[in-house]
*Asks:* 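Just dropping this structure here.
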Protein chains: 2
Amino acid sequence: MSYRENPRPGGRSARVQAAVHQSVRDMLATMDRADVTIPLIAQRANVTPSTIYRRWGDLQELLADVAASRLQPESEPARIGSARRDLEVWVEQYADEMASGVGRQMLRDVLSAADGANAERCSGYTQHQLAALIARAQKSGEPFPTQAELMDHVISPIIYRILFDQAPGADYVRELIAKVMPQS
Amino acid sequence: MSYRENPRPGGRSARVQAAVHQSVRDMLATMDRADVTIPLIAQRANVTPSTIYRRWGDLQELLADVAASRLQPESEPARIGSARRDLEVWVEQYADEMASGVGRQMLRDVLSAADGANAERCSGYTQHQLAALIARAQKSGEPFPTQAELMDHVISPIIYRILFDQAPGADYVRELIAKVMPQS
DNA sequence: CCACTAACGCAAATTATTTGCTTTTGTTCA
DNA sequence: TGAACAAAAGCAAATAATTTGCGTTAGTGG
């Protein structure tokens, strides 16, 4: 049986993973990304390079794994007022995070890995947050866009701009939301 | 003066670039992507590895450059009938190309390079094609979405799905277009 | 507690990348 | 045209990263 797939909290495998992830985060925060190499990561994490190579394959996969972990939201969308307002606030924060230097880089890391699993993971996180907002609107009976509408017409344009162009502004985000709100 | 930025057609710099690009395309077509290395590319292109390193920096940059070149459209969108029909046909073909294994990989290559110039290049190509369709509609007086609407609500969702999820189908594409067409 | 095995460490072998220096090639100007 | 110049390429040595075989350690299940 594999220790890696679902490693138990205190196990050696989990400790190594935590140390390596931490090491990567530290290094990305303090040094130029081009200087972040597997031997250096290994040294800081007190493991052998071969451990990392065997476990993640290459730097891209490791960075994608770390980035996807960091993109996992820690909490539910904040409760401000109406479901629409909550949505606006959440999306604005989402857009800001993704458009920042770090966010942008994490997006790229996640997408550039050969294994697409981490990209799906990220998209899943976003959908999960949206689902929470939708459930909230349903409970209070407010009209609200569907998840597909939000993904296609709010999230997608934001991410596209970040990836290919420039950062989207706050008013741009609000316009996108206004467009998908029903019976406006 | 630099030979590289705007190399003259017959010059040495252009010959090297062509040979390297061709070599990359051949190798990507025939072998596993993980086995495509700079020394191998150099050998096949009859140049020394250091030439490639000096010129492109690393494999990711080279792949991004080649991918962006391949994503450059060779011709204007086909003229089928109405502007709307032309748009539908063009977008469907665009979506198919991007969703294919090769297209997907080219997208990733373009996005994973540290230098974002090639990503902008790609987005620029798309906008250029759309501009042609818009001009056509204007000339014939047909109602038509703006470029921003097309980028945000047709292109972006397609690319997002390709990058994070699965391939979009032909009917999905037509629905996206139906949604942005004015006075439907 | 013992047997089992996945994951790790170590070190040698291989392969990729960097770099200083030389040579080639194309450009410019007299 | 043809010399002077500059950019890019070649070559080879030095460095760094990656792979791999084998022994060891540490969780797992009986």
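Order of the sequence lines sets the chain letters (A, B, ...), proteins ahead of strands, with each chain counted from 1.
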*Asks:* Rounded to whole angstrom units, what separation is found between the CH2 atom of B/Trp56 and the C1' atom of C/dA16?
*Replies:* 18 Å
*Asks:* For nucleotides 12-17 of chain D, which of its nitrogen or oxygen atoms have a protein nitrogen or oxygen under 3.5 Å away, and what is each distance?
*Replies:*
unit_1: D/dA17; atom_1: OP1; unit_2: A/Thr37; atom_2: OG1; d: 3.4

*Asks:* Using a 3.5 Å cut-off and no angle test, enumerate the donor-acceptor pairs between side-chain atoms of residues 29-41 of chain B and protein atoms at least two apart in sequence or in another chain.
*Replies:*
unit_1: B/Thr30; atom_1: OG1; unit_2: B/Asp26; atom_2: O; d: 3.0
unit_1: B/Asp32; atom_1: OD2; unit_2: B/Ala34; atom_2: N; d: 3.3
unit_1: B/Arg33; atom_1: NH2; unit_2: B/Asp109; atom_2: OD1; d: 2.7
unit_1: B/Arg33; atom_1: NH2; unit_2: B/Asp109; atom_2: OD2; d: 2.8
unit_1: B/Thr37; atom_1: OG1; unit_2: B/Leu40; atom_2: N; d: 3.3

*Asks:* Which whole-number value in Å describes the distance from A/Ile52 CD1 to D/dT19 P?
*Replies:* 13 Å
*Asks:* Which residue pairs pass the ring pair (Phe, Tyr, Trp, His ring centres under 6.0 Å) test when at least one of the two sits in residues 29-51 of chain A, sequence neighbours left out?
*Replies:* none
*Asks:* Take the protein atom CD1 of B/Ile41 and the nucleotide atom C1' of C/dA16, then report the distance between them rounded to whole Å.
*Replies:* 12 Å
*Asks:* On DNA chain C, does the nearest nucleotide to B/Asp58 precede the nearest nucleotide to B/Gly11 from the 5' side, or the other way round? Give the residue.
*Replies:* B/Asp58
*Asks:* Check B/Arg174 with B/Glu92, please: is the shortest side-chain N to carboxylate O separation under 4.0 Å?
*Replies:* yes
*Asks:* Rounded off to whole Å, could you give me the CZ-to-C1' distance for the A/Arg54 and D/dC22 pair?
*Replies:* 9 Å
*Asks:* Nearest nucleotide by nearest heavy atom, which residue falls closer to the 5' end of DNA chain C, B/Gly57 or A/Val47?
*Replies:* A/Val47
*Asks:* Taking OP1 and OP2 of C/dG26, is either one under 4.0 Å from a side-chain nitrogen or oxygen of B/Arg15?
*Replies:* yes
*Asks:* Is there a donor N/O on one and an acceptor N/O on the other, under 3.5 Å, for the side chain of B/Arg12 and the base of D/dA8?
*Replies:* yes
*Asks:* Among residues at least two apart in sequence or on other chains, which ones pass side chain to side chain contact (heavy atoms under 4.5 Å, CB included) with A/Asp115?
*Replies:* A/Glu61, A/Ala117
*Asks:* Please write out which residues are connected to B/Ile80 in a hydrophobic cluster, directly or through intermediates, given that two of Ile, Leu, Val, Met, Phe, Trp, Tyr count as joined at side-chain heavy-atom separations below 4.5 angstrom.
*Replies:* B/Val89
*Asks:* B/Tyr125: which other cluster members, linking ILVMFWY side chains closer than 4.5 Å, directly or transitively?
*Replies:* none
*Asks:* Taking the side chain of B/Arg55 as heavy atoms from C-beta outward, which of C/dC8, D/dA9, C/dG9 is closest to it?
*Replies:* D/dA9
*Asks:* Hey, is the side chain of A/Thr51 poking within less than 4.0 Å of OP1 or OP2 on C/dG9, counting only N and O atoms?
*Replies:* yes
*Asks:* Without decimals, in angstroms, what is the distance between A/Glu61 CD and D/dT18 C1'?
*Replies:* 15 Å
